[in-house]
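Report on the following structure.
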Amino acid sequence: MDSWVRFNAQSQAKERVFRAAQYACALLGSTLQNDEAAEIRRTVSQLEAHMSLTRKLLRLGNSVEALEAAKRSIHLSDSVLRLCLTISHLNRAMYFACDNVLWAGKTGLISELDQHKWSQRSFRYYLFALILNLTRDAYELHLLVEREARSRTSKQPSSPSIPLPPDHLPSSSSPATQAVNVGWLYRQLHLVGTVLYSNPPLLLDLVKNSCDIFIPLDRLGIYPTGPGFVGACGLASSVLSILTMVHPWLKLKP
Amino acid sequence: MDPFVKFTSQSQGRDRIFRTAQYACSLAVYLLRNNSDRKDLVAKLKSLETSLSAGRKLLRLGNAANSIEAAKRTVQLSDRVLRLCLTVANVSRALYFICDNVLWAKSVGLIRNIDKERWSLNSSRFYFFSLVMHLSRDVYAVLQVMTKRSRDKNFKQRMDQHLTENPEVAEVVVPHLDGFLFLLLETLKSHPDLALDSVKNICDLFMPLDKLGLYQSNGGVIGFCGLISSLIGIVTLTQPRLRIAP
């Protein structure tokens, strides 16, 4: 009970729980396609809209938090991380600002608001932020894979099959070169798998961002996947972020 | 900017801000209700108030557990009166939250066959009872401090000085009233947390009194009282020394 109370006291935690519930409703609504469940579907979509509006209310001050996070990430030592994280936080701040305008429009504070235009704008900023987060994940993964590969070659000085990258080989595609290509690919995948298995925060962040990216891709019409898939992705990423809140060691730093 | 971020990252901080905004809107709507050229603004403020109220109801969904935890803590207090008042207040607050959650479920459509009026009345009753218990605790704490002070020699000197300074007041039919009021005001001045908590509880009391029909007041009074109590709530959250303990 005590851990629930502490969890509940954090505003962000509540927002994540509502996000999970909202996407669960979206998933449920998309699975109930027959006519008998029309009543349930209406209730579920009403609940989803209510949660979405309340989450917008809860996010009213988040632009400031994102700007503060951007101010902190400017001081990072690694230049790639500094670039990715600062721009990602700035994009998130713009996303929250658009989201606040949408909330004002939905509650009636701003009377004539082009909701579709502002919604598209907010999803664009969200997409940029997610792309930058994924770039940061790929960069961290690349650094860790290089380190792992170096430590492996230093442990085994006389390895029987040295993994040569494919572009060093002649362009003729004989069965021997194809076998070496596949072998190299297998070894790289094994390396990536080992690195991700031993770095749960990176794995969690990668999976979370990959799930999240389908939402703006669908809403902007770039890669439409349908409400069910979007709901499932949203639910998965919300559950993962709740997990990082309950176990703070799972959060990727910085 | 940093203290603002720290404040809003607490769930309670955000809820207090929304409550302040909600009651400010309610008061503004009441004040502008007869103003014909501000009808647009009044409509906007009304819709903002409803959306804030609905959002806050959703945000209160887990709070019954908080109150039960608080009740578990107050059951272990050493002072018997405090233990009784605070535990009963927390249990009553938990029951209020449960009724409120049921009403939310009805408003969203998750539960259908419940008597909304009965549940709304019960939630007001539990809230009213918890406020009465909190006020009893305030009165008990004030009386304790007052009895301690009246025995203090320095204070007796100051009170005698005050009474002799204003002889025309002291000779009034109830001379003891002047001394009592002086003692009360001195107590409240030296214990600002007690004063703020009492004012907050008294202001909060007007809402259930109106809902239960015990003391009908208009929307303006309720809006004003709600605004005052929300502002006090924000102040006690930002200045921990002004928060009453336990």
Side-chain angles (χ1 to χ4, degrees), chain A residues 1-18 21-22 25 28 39-72 93 96 103-113 245, chain B residues 1-19 21-22 25 39-73 90 94 97 104-112 237:
Chain A
M1 192 67 107
D2 195 31
S3 53
W4 161 255
V5 169
R6 249 180 291 136
F7 175 83
N8 207 18
Q10 298 174 52
S11 188
Q12 226 205 350
K14 261 190 174 157
E15 203 253 325
R16 291 286 134 176
V17 169
F18 292 144
Q22 182 188 332
C25 286
L28 193 63
E39 190 66 40
I40 303 174
R41 205 172 45 230
R42 201 180 24 240
T43 311
V44 158
S45 69
Q46 205 183 350
L47 189 60
E48 190 194 335
H50 175 55
M51 296 230 175
S52 166
L53 195 61
T54 305
R55 273 182 63 222
K56 280 188 169 28
L57 173 69
L58 208 47
R59 285 199 293 244
L60 272 184
N62 280 13
S63 291
V64 176
E65 274 181 80
L67 284 173
E68 284 288 302
K71 265 201 258 176
R72 280 198 305 270
F96 286 131
W103 174 83
K106 283 214 164 106
T107 52
L109 279 178
I110 304 177
S111 24
E112 295 122 25
L113 185 77
M245 262 179 235
Chain B
M1 225 22 128
D2 205 32
F4 172 75
V5 169
K6 240 188 280 186
F7 179 75
T8 52
S9 66
Q10 297 174 53
S11 184
Q12 248 195 334
R14 280 204 169 148
D15 182 63
R16 302 251 164 121
I17 293 178
F18 294 150
R19 189 175 195 251
Q22 183 186 333
C25 287
K39 276 210 168 69
D40 212 18
L41 178 65
V42 168
K44 279 189 185 169
L45 287 173
K46 266 202 190 133
S47 87
L48 178 62
E49 190 196 335
T50 5
S51 74
L52 282 171
S53 164
R56 276 183 63 227
K57 258 196 164 55
L58 177 63
L59 292 175
R60 284 201 287 256
L61 271 187
N63 284 7
N66 285 41
S67 290
I68 292 175
E69 275 294 296
K72 274 199 228 169
R73 280 197 306 269
N90 284 325
F97 282 131
W104 172 83
K106 167 96 170 95
S107 73
V108 175
L110 283 174
I111 306 175
R112 282 167 216 280
L237 212 54

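Convention: sequence-line order gives letters A, B, ...; per-chain numbering from 1.
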Salt-bridge criterion met for B:Arg56 and B:Glu49 (N-O under 4.0 Å): no
Separation of B:Leu48 CG from B:Phe18 CZ (nearest 0.5 Å): 10.5 Å
Non-hydrogen atoms of B:Ser51 and A:Thr107 that approach each other most closely: OG-CG2, 3.2 Å
Side chain, backbone, both or neither of B:Ala43 within contact of chain A (heavy atoms, under 4.5 Å): neither
Chain A contact via B:Leu110 - side chain, backbone, both or neither, heavy atoms under 4.5 Å: both
Side chains of A:Thr43 and B:Arg112, donor plus acceptor under 3.5 Å: yes
A:Leu67, part contacting chain B, at a heavy-atom distance under 4.5 Å: neither
